[in-house]
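Beneath this line is the structure, given in C-alpha cells, with notes to follow.
Everything numeric in this text was worked out from a predicted model, so none of it was measured. Computation of the quantities below employed the complete heavy-atom set of this structure, encompassing side-chain atoms and omitting hydrogens, waters and symmetry-equivalent molecules.
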Amino acid sequence: MSGYSSDTRPLIIAVVGSGPRGISVLERLAVRATAEAERAAHGTTPRPVRIHLVDATEVGAGRVWRTDQDPWFTMNTVISQVTMYSGAPDGGPHRPGAGPSLGEWIAQRAEAGEEPLGPDDYAPRVRYGQYLADVHRNIVDNLPPHVEVVPLTGRVTALRTGADSGYLLSLDTAPHLLEADRVVLATGHPVNSPDDFERKMLAFTGRTPGTHYLCGDSAADMPLGEDTIPAGGTVGIRGLGLSFYDVMLSLTVGRGGEFDTGEDGELVYRASGREPRIVAGSRSGLPIPARGRNQKRPDFSHKALFLTADALRAARAARLKESGGDQLDFAADVLPLLLQEVEHVYYVTHVRISRGRTAAEAFADAHAAALRAGQERGPLLSAMGLDGVPPIDLDALARPFGETRFASGEEFRERLLKVVDEDLAAAALGTLDGPLKSALDVLRDIRNVVREAVDYGGLLPESHTGFFHRRFLPVNALLSAGPPMSRVEQLRALIRQGLVEVAGPGTDFGTDERAGGFRVVSPQVAGSARLVHTLIDARIPTPDLRRDTSPLTQQLVAEGMVRPYVIDGPGGSRHVTGGMDVTVSPFHVVNAEGRAQPDLYAIGIPTEHTRWFTQVGSSRPGVSTLFYRDADAIAVDALRPVEQPRPAAEPVIIPHQSGSGSGVVGARRGDSA
C-alpha cells in the first residue's frame, strides 16, 4: 500500500461479526497495516484504511461471548491454551501482534483484585468476552495513523454489489447504508428456522395451553426464567452435550442454589426451592464426559505418527489409481489411522506410568513399528504386562449402555453413576499421565490432519454423510469436547439428590395429547416415561444456509451471492451441504454461478461443512494455529491495493469437480489445514 498519498480515498473494509473470528481478522489487519506503514518510503503515507466493525449484539465480543451474560456459563478450554493475539507479549504495550493469553490477562487483573484463576482452570464465558473486548480496545488504541476502526452496533440485513465497484451493506440502525470495497463475513452461530421435529413440537404448544418448547440456541439466549419453567415443575431437556450443562446450571445455580462440599468430602447441592426437576436424555443416554485434568503446556500437541499428510496423500493416490477419483472413504482410509494414533498413546502412557520413561520410549518404537507392519501386537503388550488392560474402544466409550435393558430407573441410575465415577477417576489422572484421557486428547490434537482428509469434498459423498457426520462426529464430540471435571461433579451431585434424572439411552421425545404435555421416555429403561410441560432442545444448531433466519443470509441465498457447498462424487453422486461455499485460503465466497467473488470473504461457522470444525474460538499461545493463519490470509488479501478502474475480466469460475471433490480449480488438498 506504500506510495499512496494521504488524501487518497480510503480502502474500506467491512467486517460483519465481531466475535473471535471477526476480532482475529481485525487483529491481523492491524498487524499487516502497521508493518506496511513501517515499510513505507520516507515522506509517503500508505493509503488510508477504514474498517467498519459491525455486530448486532456487542461490538468487540459478539453474541455468544457478550459481556452481560451470567457467570455460570463456562468455556471448555483451559485459560493457558487460549489467546486472541498473534504474538506473545514483548515487554511493550499490549497491541496487535503482541499481547497476553487469556490466562496471562486474568493473572494481570488478579493483581488488581479480580478473581484469580490458575493456568489449568476454565474461565466463565463472560470473562472471555471481557478479554475479547479488551483485545478490541488494544487494537483500536494502537492502530497506525492511516488506519481507523469504526464500530457499528446493528444488524446487516442485506449485502449487494455497488453500481461501479465494491459493496453496499444495509443496516437496521444508522447509518443504514455502508459502502465497502471488501467485506468479511464472520457471522458466527446461526439461529435456524425449525426443522420437522421442532415444527411438530411448536404446533403442539400452539394448541396446548401451559406448554413451552424452546428450540436449540445458546443457553444465555433462552427464556429460562420461572415464568416459562416454574419452580417445582418438571422440565425435559433434549441433549446431554455441553449446552445441557449450561441449561442445568441456569435452572439450579441460576435459581439461587449453591454447590458445597459435604461432611464426607463429596459435592452436595444446597437447593433454593425455586428449582424445577430436570429429566434429560439423548441417543447415548450418557452426559458428555469430562475433559482430563490438563497437564499440557499451551504449545504442546501430539505429533501424528500414522494419520499424517503423507499417509493421506498415499491413500488418495491409491484411490485415484483404483477408481479415477481421489476422494477418500473415511471408514476405510482415515479412521483406521486415527484409531492407531489413539491406541498408540493409550498403551505408551500405560507403560510410562507403570515402568518409566525409558521403557516407554523403547515400547513406543516397537509398538509403532508393529502397527505400521500390521503385525499382531499381543506378545508385545503381554511383555509389558498390558495383556490384562482393556483395549480402547471409542464406540463403547461413547455408547456405554449399548442395547442393555434396565428393569427400572433406579437400576439405570446406579449404572450411570458408576460410569460417571469411572470417567471422573480417569479424568483426574490427567491428559498426560492418564492413559484414557491422554489417548482421547489425541482426537483434539490431530484435528488439522482430519481436516486435510475431509475439507473441500475430500470424502466421497456417501462417506461424508453416512459415516463421518452420522457416526464418527457424534462419537468424536462426545469423547473429545467435554466440560471441566467440576461440571460433571456438579451433575453427579444433582443426580444423587434427585434433582436431575437421565431417562436412559435412545431417549424419545414426543407429545401426549390426552395428558397435555411432552413425553420423555427411554425404551431401554422400564418405567422411565415422564410427562413435562416444558421441553428444551439443549443442542447448538448446525449451520445451514437454507435454514438460517438471518435476513442477511436469506438475502444472499435468494439473490445468488452465496451457495451451499456441494460434494460431488463418482457416478453422479452428490451431497448438498448447508455450509457456505468458499475457495481455499483466503476464502473468497463462491456465488450461485460458481464464481469466486474476490472482495467477499467468509470465515468460521458459516463455512462449516465446506471446512470442518470451524467453531474454534481462539488461537493457542506459541503455536501457528489454523485459526491465526485463516485470519492472516484474509487480512493480507483484503489489504491489497484496489485496482483503478476495477478490471473488467470475469471472476474465475469454480465448478464442483465430480470425482475430485476439491471444488476449486487447481486447489491442492491440505491448503485449508
Side-chain angles (χ1 to χ4, degrees), residues 1 8-19 21-22 25-26 28-29 32-33 47-56 59 147-188 545 548 550-563 580-583 585-604 606-607 630-631 633-654:
M1 290 175 15
T8 303
R9 173 189 173 279
L11 170 68
I12 303 176
I13 301 170
V15 179
V16 183
S18 70
R21 291 287 189 171
V25 172
L26 180 67
R28 290 309 300 170
L29 285 168
R32 291 289 182 175
R47 177 175 183 161
V49 178
R50 181 178 301 138
I51 304 169
H52 292 289
L53 186 63
V54 188
D55 199 282
V59 175
V147 179
E148 65 171 329
V149 171
V150 181
L152 289 167
T153 302
R155 185 179 301 278
V156 177
T157 58
L159 171 68
R160 295 183 172 93
T161 54
D164 299 317
S165 64
Y167 294 96
L168 295 175
L169 293 84
S170 300
L171 279 77
D172 63 359
T173 55
H176 297 297
L177 196 66
L178 288 179
E179 294 184 56
D181 299 297
R182 276 137 202 175
V183 177
V184 181
L185 301 176
T187 49
L545 292 178
D548 193 333
S550 158
L552 172 61
T553 301
Q554 291 180 344
Q555 174 261 323
L556 292 173
V557 171
E559 298 181 14
M561 290 187 68
V562 303
R563 71 175 184 182
M580 189 180 295
D581 194 349
V582 293
T583 69
S585 179
F587 317 115
H588 299 296
V589 173
V590 178
N591 68 15
E593 297 177 345
R595 301 174 186 272
Q597 301 170 88
D599 296 326
L600 180 61
Y601 313 84
I603 188 173
T607 68
D630 286 354
I634 289 178
V636 170
D637 198 72
L639 288 171
R640 73 186 192 280
V642 177
E643 295 82 5
Q644 299 291 337
R646 197 173 192 179
E650 290 291 324
V652 62
I653 294 178
I654 305 183

Please tabulate, for side-chain N and O atoms in residues 148-158, each donor-acceptor pair with protein atoms closer than 3.5 Å (sequence neighbours left out).
residue, atom, partner, partner atom, Å
Glu148, OE2, Arg50, NE, 2.6
Glu148, OE2, Arg50, NH2, 3.3
Thr157, OG1, Ser170, O, 3.3

Measure across Gly188 and Pro606 and return the closest heavy-atom pair with its distance rounded to 0.1 Å. N-CD, 4.1 Å
Are any of the side-chain heavy atoms of Val147 and Leu29 separated by less than 4.5 Å? no
With Asp637 via salt bridge (Lys or Arg N to Asp or Glu O under 4.0 Å) - residues at least two apart: Arg640
Distance-minimising heavy-atom pair for Leu11 and Arg47: N-NE, 3.5 Å
Could you tell me which residues satisfy side-chain contact (heavy atoms from CB on, under 4.5 Å) with Ala602, sequence neighbours excluded, listed by chain and number? Leu185, Met580, Val582, Val589, Thr607
Within the side chain of Ser18, is there an N or O that forms a donor-acceptor pair under 3.5 Å with the backbone of Leu53? no
Heavy-atom closest pair (Val590 atom, Gln597 atom, distance to 0.1 Å) is C-NE2, 4.0 Å
Report yes if some heavy atom in the side chain of Ile634 is under 4.5 Å from a heavy atom in the side chain of Arg21; otherwise report no. no
Who pairs with Asn591 by side-chain hydrogen bond (donor to acceptor under 3.5 Å, both in side chains), at least two apart in sequence or on another chain? none
Listed partners of Ala180 passing side-chain contact (heavy atoms from CB on, under 4.5 Å), at least two apart: Ile12, Ala14, Leu169, Val183
Using only atom types and a distance under 3.5 Å, with no angle test, would you say the side chain of Arg182 pairs donor to acceptor with the backbone of Ala638? yes
Rounded to the nearest 0.5 Å, what separation is found between the CZ atom of Arg32 and the CG atom of Leu639? 9.0 Å
From NE2 (His588) to OH (Tyr601), nearest 0.5 Å: 5.5 Å
Roughly how far, to the nearest 0.5 Å, is CG of Asp599 from OH of Tyr167? 5.5 Å
To the nearest 0.5 angstrom, please state how far the CG atom of Leu600 sits from the CG atom of Leu556. 7.5 Å
Within the structure provided, determine whether Leu552 and Leu159 are in side-chain contact (heavy-atom separation under 4.5 Å). yes
Shortest non-hydrogen contact between Met561 and Gln555, atoms and distance: SD-NE2, 4.1 Å
Which residues pass the side-chain contact (heavy atoms from CB on, under 4.5 Å) test with Glu179, sequence neighbours left out? Leu168
